[in-house]
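Okay, structure first, notes after.
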Amino acid sequence: MRFDDAPTGRPMRLSAYFLPLLKESPAEAQIVSHQLMLRAGMIRQSSAGIYSWLPLGHAVLRRVEQIVREEMNAAGCQEILMPAVQPADIWQESGRYEAYGREMLRFEDRHERAMLFGPTHEEVVTDIFRRCIRSYRDLPKNLYQIQWKFRDEIRPRFGVMRGREFLMKDNYSFDLDFEGAKRSYDNMFSAYLRTFKRMGLTAIPMRAESGAIGGSMSHEFQILASTGESEVFYDAAFEELDLLAPDLDVDTIQRYYAATDEQHLPDACPLPPERLRHGRGIEVGHIFYFGTKYSKPLGAAVTGPDGEDVFVEMGSYGIGVSRLVGAIIEAYHDDKGIIWPESVAPFDVALVNLRASDTGCAEVTGDLYAKLKTAGVDVLYDDRDESPGVKFATMDLIGIPWQVVIGPRGLKAGVVELKSRASGETEELSPEAVVDRLAG
RNA sequence: CGGAGCGUGGCGCAGCCUGGUAGCGCACUUGUCUGGGGGACAAGGGGUCGUGGGUUCAAAUCCCGCCGCUCCGACCA
């Protein structure tokens with residue numbers, strides 16, 4: 001066993017990789033992303049709506065998380081980490097301790113102090129803010145974290161898409177006035193469009209209810225998928241629109257009609273019927289402006305330019321990181337398995353040695369492996385002594401974007417095969433050419 | 001929480017109705033062959049039948065309680 005082949009901390013030889021695959025789908029998995037995550041050895045259920053992430057799933061989760069982090073940083077937000085376990089008293093201050101209901105997991109510590117496992121963090125972040133910030137000159141601020149949340153859903157389902165414990169990116173903006181808050185809101189709005197796009201997803205921003213978070217301005221970001229949980233209505237223009245086009249500003253996008261079913265009133269819909277589309281959506285993000293809903297009861301105020309104290313204007317912004325992993329699979333799969341977009345794939349390339357026992361094959365594959373590794377390519381090397389069919393099925397199931405197939409047949413002609421998981425297209429190249437292609 | 005269903009080896013299931021030696025496929029172990037799409041043969045290992053009680057000479061099977069999981073509905077990233 002070698003451990004030096006894993007700069008990322010993961011073994012890259014499949015024979016050493018912890019990848020418990022399933023040929024059949026467990027009965028409890030109802031939708032394709034859940035089935036595939038179980039079959040591909042990404043997750044295992046611990047209890048209802050609570051999962052362990054195994055190496056392959058964890059790798060994808062981390063990549064999704066990293067994209068979110070990079071986009072938040074690029075949007076001027078600063079990362080923090082708040083406690084998962086929170087004291088109840090700040091929730092009593094905000095008035096949500098009673099309002100939140102049984103979704104909140106409550107318990108007592110050994111001193112019989114009321115505690116809870118955080119379902120969201122408005123109270124905590126507002127508490128931090130009120131104790132640290134005094135002046136309008138410290139505004140605006142936008143803080144985020146990527147943190148496990150717990151919401152004791154009545155009925156968890158769909159694997160990680162609707163778990164009780166889930167990884168969420170949540171951030172919180174603080175501004176002096178409404179204009180500032182609106183700027184923060186719009187800034188997050190466009191950051192979200194960029195974030196989802198990087199994962200290969202088109203998320204349609206929809207007018208939404210603000211629910212338990214409360215507030216007056218709110219958008220949900222929905223990915224269209226037949227297995228989505230909510231019914232959504234939207235302008236056919238979204239099917240053509242490039243939401244990231246430089247000449248398209250946030251106000252313009254927000255004027256296109258799109259709404260979830262709670263918000264959509266058929267009689268009041270401004271769209272002509274021929275432009276109204278409806279389908280099902282997976283909610284992957286939700287942004288809220290809620291003004292002083294928390295700053296007022298918790299007393300988060302700054303001194304303004306005129307010397308008067310004002311409660312800060314706040315917004316909060318969530319992205320379901322663990323849910324996105326499932327959502328991406330819903331969008332990218334076929335009957336053989338997952339088809340990862342390159343930006344979130346657990347590995348860039350899989351080397352499939354069809355004949356592990358053949359010295360020539362092992363030599364060429366080992367050489368490819370070393371060269372790709374040196375070039376910084378993330379490689380999974382299938383060195384198992386399995387039949388070709390098993391190897392192909394494994395790779396198609398776990399969905400690595402590029403497969404390099406090394407077999408005795410090709411090597412006679414001095415070539416290996418480069419296959420795209422997405423298109424299924426295959427190309428015969430010399431090993432050197434493959435390295436150039438993949439390392440380029 | 002209301003309604004429905006399911007718990008039998010790691011996974012998928014049969015057996016339960018009509019009580020009497022726990023079974024099949026996949027996976028796993030060993031060996032031989034095989035080798036470009038989940039290969040073949042042979043020999044093996046692994047199950048307190050979710051759990052507690054009850055009925056019975058005898059319970060996976062019948063009865064009751066509990067626990068867990070899933071599905072349909074109302075809530076949410």
Side-chain angles (χ1 to χ4, degrees), chain A residues 20-31 34-35 38-39 41 44-50 64 68 99-104 118-121 146-171 192 196 203 208-213 218-223 229-230 260 262 281-288 316-327 336-337 352-358 361 384-397 403 405-412 416-417 419 424 426 428:
Chain A
L21 302 175
L22 260 24
K23 197 175 268 189
E24 292 169 286
S25 294
E28 76 258 19
Q30 298 298 310
I31 62 169
H34 191 189
Q35 293 170 346
L38 291 167
R39 288 190 51 210
R44 282 293 113 105
Q45 179 165 299
S46 175
S47 63
I50 301 178
V64 170
V68 172
Y100 215 91
R102 289 229 239 320
E103 256 178 42
M104 188 154 73
T120 179
H121 282 71
I146 298 172
Q147 164 75 290
W148 290 94
K149 306 270 198 261
F150 192 91
R151 293 183 190 169
D152 201 354
E153 300 282 344
I154 289 162
R155 189 156 84 84
R157 63 190 118 167
F158 302 151
V160 300
M161 299 259 284
R162 181 67 178 278
R164 293 194 291 172
E165 186 176 88
F166 56 97
L167 188 62
M168 179 178 176
K169 185 284 306 174
D170 47 320
N171 57 336
Y192 273 34
F196 298 128
E209 277 183 17
S210 39
I213 308 287
S218 177
H219 282 87
E220 283 179 12
F221 290 75
Q222 297 266 357
I223 290 162
E229 282 200 85
S230 41
T260 56
E262 311 90 45
I282 300 169
E283 184 186 0
V284 291
H286 202 155
I287 62 178
F288 307 88
S316 72
Y317 317 87
I319 288 180
V321 176
S322 47
R323 171 180 286 185
L324 271 168
V325 176
K336 295 194 183 104
V352 184
N353 180 355
L354 286 189
R355 194 78 62 83
S357 57
D358 181 282
C361 289
R384 298 172 303 168
D385 184 19
E386 289 285 355
S387 72
V390 170
K391 297 197 169 205
F392 290 134
T394 297
M395 285 309 158
D396 288 346
L397 174 62
Q403 303 172 7
V405 180
I406 300 96
R409 204 174 74 187
L411 285 191
K412 271 192 199 124
V416 297
E417 207 174 275
K419 180 181 161 190
T426 277
E428 292 197 332

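Every chain is numbered from 1 and lettered A, B, ... according to where its sequence line falls, protein lines coming before strand lines.
In this structure, Arg39(A) reaches the bases: a heavy-atom distance under 4.0 Å links it to at least one base atom across the strands shown. Here Asp170(A) lies out of heavy-atom contact (under 4.0 Å) with every strand. When heavy atoms are screened at a 4.0 angstrom cut-off, Glu386(A) is found touching base atoms of the nucleic acid. Base engagement by Gly410(A) is indicated by at least one non-hydrogen atom pair under 4.0 Å involving a base atom. Residue-level contact check: Arg102(A) touches neither bases nor backbone, having no heavy atom under 4.0 Å from any strand. Heavy atoms of Val321(A) sit nowhere under 4.0 angstrom from any nucleic acid atom. Using a 4.0 Å heavy-atom criterion, one finds that Gly407(A) contacts the bases of the nucleic acid, with or without backbone contacts as well. Gly163(A) comes within 4.0 angstrom of a nucleotide base, judged by non-hydrogen atoms across all strands. Residue contacts for Ser25(A): at a heavy-atom cut-off of 4.0 Å it reaches the sugar-phosphate backbone alone, with no base atom in range. Using a 4.0 Å heavy-atom criterion, one finds that Asp385(A) contacts the bases of the nucleic acid, with or without backbone contacts as well.
If you take CZ of Arg44(A) and C1' of C69(B), they are 16 Å apart, rounded to a whole angstrom. Atom CD in Glu153(A) sits roughly 9 Å away from atom C1' in A77(B) (whole-Å rounding). C28(B) atom P lies 12 Å from atom CG of Leu22(A), rounded to whole Å. Rounded to an integer number of Å, the gap from CE of Met104(A) to P of A77(B) is 15 Å.
In terms of position on RNA chain B, the residue among Glu28(A) and Glu24(A) whose nearest nucleotide sits closer to the 5' end is Glu24(A). Position along RNA chain B of the nearest nucleotide to Arg409(A) versus Ile319(A) favours Arg409(A) as the more 5'-ward residue.
Glu153(A) places no side-chain N or O within 3.5 Å of a backbone atom of Phe150(A) that could act as its donor or acceptor partner. Here the side chain of Lys169(A) pairs a donor or acceptor atom with the backbone of Tyr317(A) at under 3.5 angstrom. At least one donor-acceptor pair under 3.5 Å links the side chain of Ser218(A) to the backbone N or O of Ile287(A). With hydrogens and angles disregarded, no donor-acceptor distance shorter than 3.5 Å links the side chain of Tyr192(A) to the backbone of Ala203(A).
Among the candidates Glu229(A), Glu28(A), His34(A), the single residue satisfying the side-chain contact (heavy atoms from CB on, under 4.5 Å) test with Arg157(A) is Glu229(A).
Between A77(B), G36(B), G12(B), one nucleotide has an atom nearer to the side chain of Ala27(A) than all others, and that is G12(B). Considering only side-chain atoms of Glu103(A), the nucleotide from C11(B), C75(B), G37(B) that sits closest is C75(B).
Below 30°, between 30° and 60°, or above 60°: for His286(A) and Phe288(A) the angle between ring planes is below 30°, a parallel geometry.
Judged by centroid separation below 5.5 Å and plane tilt below 30°, Phe392(A) does not stack onto the base of G36(B).
A sub-4.0 Å separation between OP1 or OP2 of A27(B) and a side-chain N or O of Lys23(A) is present. At C71(B), none of the side-chain N or O atoms of Arg157(A) fall inside 4.0 Å of OP1 or OP2 (strictly under the cut-off). Taking side-chain N and O atoms only, Arg155(A) has no distance below 4.0 Å to OP1 or OP2 of U70(B). Phosphate proximity of A77(B) to Gln222(A): absent, as no side-chain N or O sits under 4.0 Å from OP1 or OP2.
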